[in-house]
Amino acid sequence: MREIQHYIDGRPTAGRSGRFGPVYNPTTGEQQAKVALASVEDVAAAVASARKAFPDWASQTPLARARVMFKFKALVEDNLDSLSALLSSEHGKVKSDAAGSIQRGLEVVEFSCGIPHLLKGEFSDSVARGIDLYSMRQPLGVVAGITPFNFPAMIPMWMFAVAVACGNTFIIKPSEKDPSVPVRLAELFRQAGGPEGVLNVVQGDKAAVDALIAHPDIQAISFVGSTPIAAQVYAAAAATGKRVQAMGGAKNHMIVLPDADMGQAVDALMGAAYGSAGERCMAVSVAVAVGRTGDELVERLKPRVDALKVGPSLDPASEMGPLVTREHLEKVKGYVGIGQQEGARLVHDGRDFRLQGYENGFFMGGCVFDDVRPGMRIYKEEIFGPVLSIVRATDFEAALRLPSEHDYGNGVAIFTRDGDAARDFAQRVNVGMVGINVPIPVPLGFHSFGGWKRSAFGDTNQYGMEGVRFYTHVKTVTARWPTGIRAGADFNIPTGR
Ligand code: NAD
């Protein structure tokens, strides 16, 4: 059985714990590899390597670090095909979608290539007579990122590209479900000229996460995953005095107003609800049909969901691949049963989908519920699968209240031709990322990504200047150069006069 190892100090490293987790091929349902699960000692070895590498990496010029990022970007592009295939074979998302997700990570690498500009501090001339005041941004030291299974390339890049460009050294703790791609990224970073120990990968589960949180040499933790774990990691890491940001789950609504282009709205819903089998934190899982749109939406959606091409993740004809594990597949199907018991109307049931030749794969077809109401579990909880709930709302105000009052607040979209309604919605909705006729509003690398409410804990977003702020601290220097004038000791607090 192929063994997926840690990547520490610039080389693949066997684990010391003797513990392993299974890595499946979701298309066939077979275990294709085993991944090392780190012990406290494995984590300590990675932290020691990152700590050793820090002083030299931090003292390199921002331009020198940017040049490594430029080379890394080119190498990821050169290897895009093999990285996408590897990602797809462990995650189950179709290869073209895997490539797209790597591209969205690369956009943050591109952003980090501009780090000399982004690290510029502020300067105030003559804050007092003969005194200048300036600030600079300095790296924190060793920092760690804990990432979810659904974006094994993009989310690590969101984190480490900014962190290492700022001069930190980094430890990725990927999901144990699809751990290979982060190791390839670390190898490519090394090939790009990144010194050993600057980017390490520690494979593992809760034990690895707990060891990272407890380690006194780690200065900051960035986490992305489900809300219960995000809340735990946020509290535990903050209690040790670490800087922490923790992004959680989601229940993203797409509002369809009666004046929307229904063809566009249905296309958007198909991609956003069933792309990556709904395993995206920005997937649309609730369609809010306003006024008379409900019946038309259901009528148009049913045949489209029926025609959805579910197939092997590496088959270019597939629109939707399998789910990540059998356990997750059963959980998602379980939610469909719960929705029926709660009285929602299941207008398309994909639970019995079977793919000839891949009977053990983790496949299901798309599901659509109509008449979903806010009190139901299928409305309140994140399902993270190809299950779309349609909620009917009488008018704009009722539709606006739904995402605004939901516990999660990651993304939301509105489909309309009415600019006034769209603007009003964007201003008032209580959600972090808003799309206007855009179903999955993931901001570009020079903005930042982050939800509100129970979708994110902490006060900085991922990447963009928010990322630069998260991975640096500000030092301010107040400087006076002797002029020969001796004023004598001053026993009053200095002021700006
Ligand atoms: P998860 O919470 O199960 O795992 C995330 C990470 O935490 C993994 O590295 C995992 O090994 C680790 N982990 C799991 N259990 C742990 C525990 N008890 N203690 C400490 N660490 C633990 O999430 P997942 O299933 O891998 O990913 C899907 C979730 O991530 C969904 O809820 C999705 O919405 C969310 N997500 C959020 C965003 C965002 O930016 N808000 C982005 C992508 C995914």
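As the structure lists them, so they are numbered: ligands from 1, and atoms in each ligand from 1. On a predicted model such as this, the values are computed, not experimentally measured, just so you know.
- Within the 4.0 Å heavy-atom criterion, neither part of Gln462 lies near ligand 1.
- In summary, the atoms of ligand 1 found under 4.0 Å from a heavy atom of Asn410, numbered by their order in the structure, are 41 (N).
- Contact of the Glu110 side chain with the Phe446 side chain is not registered, since no non-hydrogen atoms from C-beta on lie closer than 4.5 Å.
- Taking every non-hydrogen atom of Ile146 and a distance limit under 4.0 Å, the qualifying atoms of ligand 1 come out as 6 (C), 7 (O), 9 (O).
- When side chains are defined from C-beta on, Val332 does not count as touching Leu329, because their heavy atoms never get closer than 4.5 Å.
- Counted by atom type alone, Glu90 and Ser180 present one or more donor-acceptor pairs between their side chains at under 3.5 Å.
- The closest side-chain donor-acceptor pair between Asn430 and Ser404, if any, does not fall under 3.5 angstrom.
- Among protein heavy atoms, the minimum distance from atom 28 (C) of ligand 1 is reached at Phe384 CE2, 3.6 Å.
- Residue Ser175 approaches ligand 1 through these ligand atoms, each under 4.0 Å from one of its heavy atoms: 9 (O).
- The distance from ligand 1 to the heavy atoms of Glu176 drops below 4.0 Å at these ligand atoms: 10 (C), 11 (O).
- Within the 4.0 Å heavy-atom criterion, the part of Pro174 lying near ligand 1 is the backbone and not the side chain.
- Geometrically, ligand 1 and Phe223 share no nitrogen or oxygen pair separated by less than 3.5 Å.
- Under 4.0 angstrom from ligand 1, the non-hydrogen atoms of Asn150 all belong to its side chain.
- Applying the side chain to side chain contact (heavy atoms under 4.5 Å, CB included) test between Gln203 and each of Lys173, His6, Gln5 identifies His6 as the sole match.
- The protein reaches atom 2 (O) of ligand 1 closely, with a heavy atom under 4.0 angstrom from it.
- In terms of protein heavy atoms, atom 19 (N) of ligand 1 is closest to Lys206 CG, 3.3 Å.
- Polar contact check, Phe151 against ligand 1: no nitrogen or oxygen pair lies under 3.5 Å apart.
- Between Lys173 and ligand 1, an N or O atom pair is found at a separation short of 3.5 Å.
- Defined by atom type and a distance below 3.5 Å, a donor-acceptor pair is present between the side-chain atoms of Ser222 and Gln245.
- Atoms of ligand 1 found under 4.0 Å from any heavy atom of Ser226 (numbered from 1 in listed order, with element): 1 (P), 2 (O), 23 (O), 29 (C), 30 (O), 32 (O).
- Using bins of under 30°, 30° to 60° and over 60° for the plane-to-plane angle, the ring pair Tyr471/Phe170 lands in the perpendicular bin.
- Annotation for Arg454: atom CZ does not count as buried by contact number, only 12 or fewer foreign heavy atoms lying within 6.0 Å.
- Side-chain contact, Gln32 with Tyr24: no donor N or O sits under 3.5 Å from an acceptor N or O.
- Proximity of the aromatic rings of His406 and Tyr379 is defined here by a centroid distance below 6.0 angstrom, and this criterion is met.
- Of the protein's heavy atoms, Phe149 N, 3.0 Å lies nearest to atom 26 (O) of ligand 1.
- If you check the side chains of Ser39 and Asp42, you find a donor sitting under 3.5 Å from an acceptor.
- Looking only at protein heavy atoms, the nearest one to atom 37 (C) of ligand 1 is Gly248 O, 3.0 Å.
- The shortest side-chain heavy-atom distance between Phe20 and Val35 does not fall under the 4.5 Å cut-off.
- Atoms of ligand 1 found under 4.0 Å from any heavy atom of Ile155 (numbered from 1 in listed order, with element): 42 (C), 43 (C).
- Aromatic ring centres of Phe149 and His91: separated by under 6.0 Å.
- Scanning all protein heavy atoms for the shortest distance to atom 21 (N) of ligand 1 gives Val209 CG2, 3.4 Å.
- The backbone of Thr147, and not its side chain, has at least one atom closer than 4.0 Å to an atom of ligand 1 (non-hydrogen atoms only; backbone = N, CA, C, O).
- Side-chain contact between Val224 and Thr147 is absent, with no heavy atoms from C-beta onward closer than 4.5 Å.
- Of the candidates Pro179, Ala208, Gly225, it is Gly225 that places a heavy atom closest to atom 35 (C) of ligand 1.
- Close approach to Phe449 involves these atoms of ligand 1, each under 4.0 Å from a residue heavy atom: 39 (C), 40 (O).
- Distance from atom 34 (O) of ligand 1 to its nearest protein heavy atom, with residue and atom name: Glu382 OE2, 2.6 Å.
- The N/O atoms of Asp210, backbone and side chain alike, include none that comes under 3.5 Å of an N/O atom in ligand 1.
- Remark: minimum distance from atom 13 (N) of ligand 1 to any protein heavy atom is reached at Ile229 CG2, 4.0 Å.
- Contact of the Val164 side chain with the Trp57 side chain is registered, since non-hydrogen atoms from C-beta on lie closer than 4.5 Å.
- Among protein heavy atoms, atom 36 (N) of ligand 1 sits closest to Cys281 CB, 3.5 Å.
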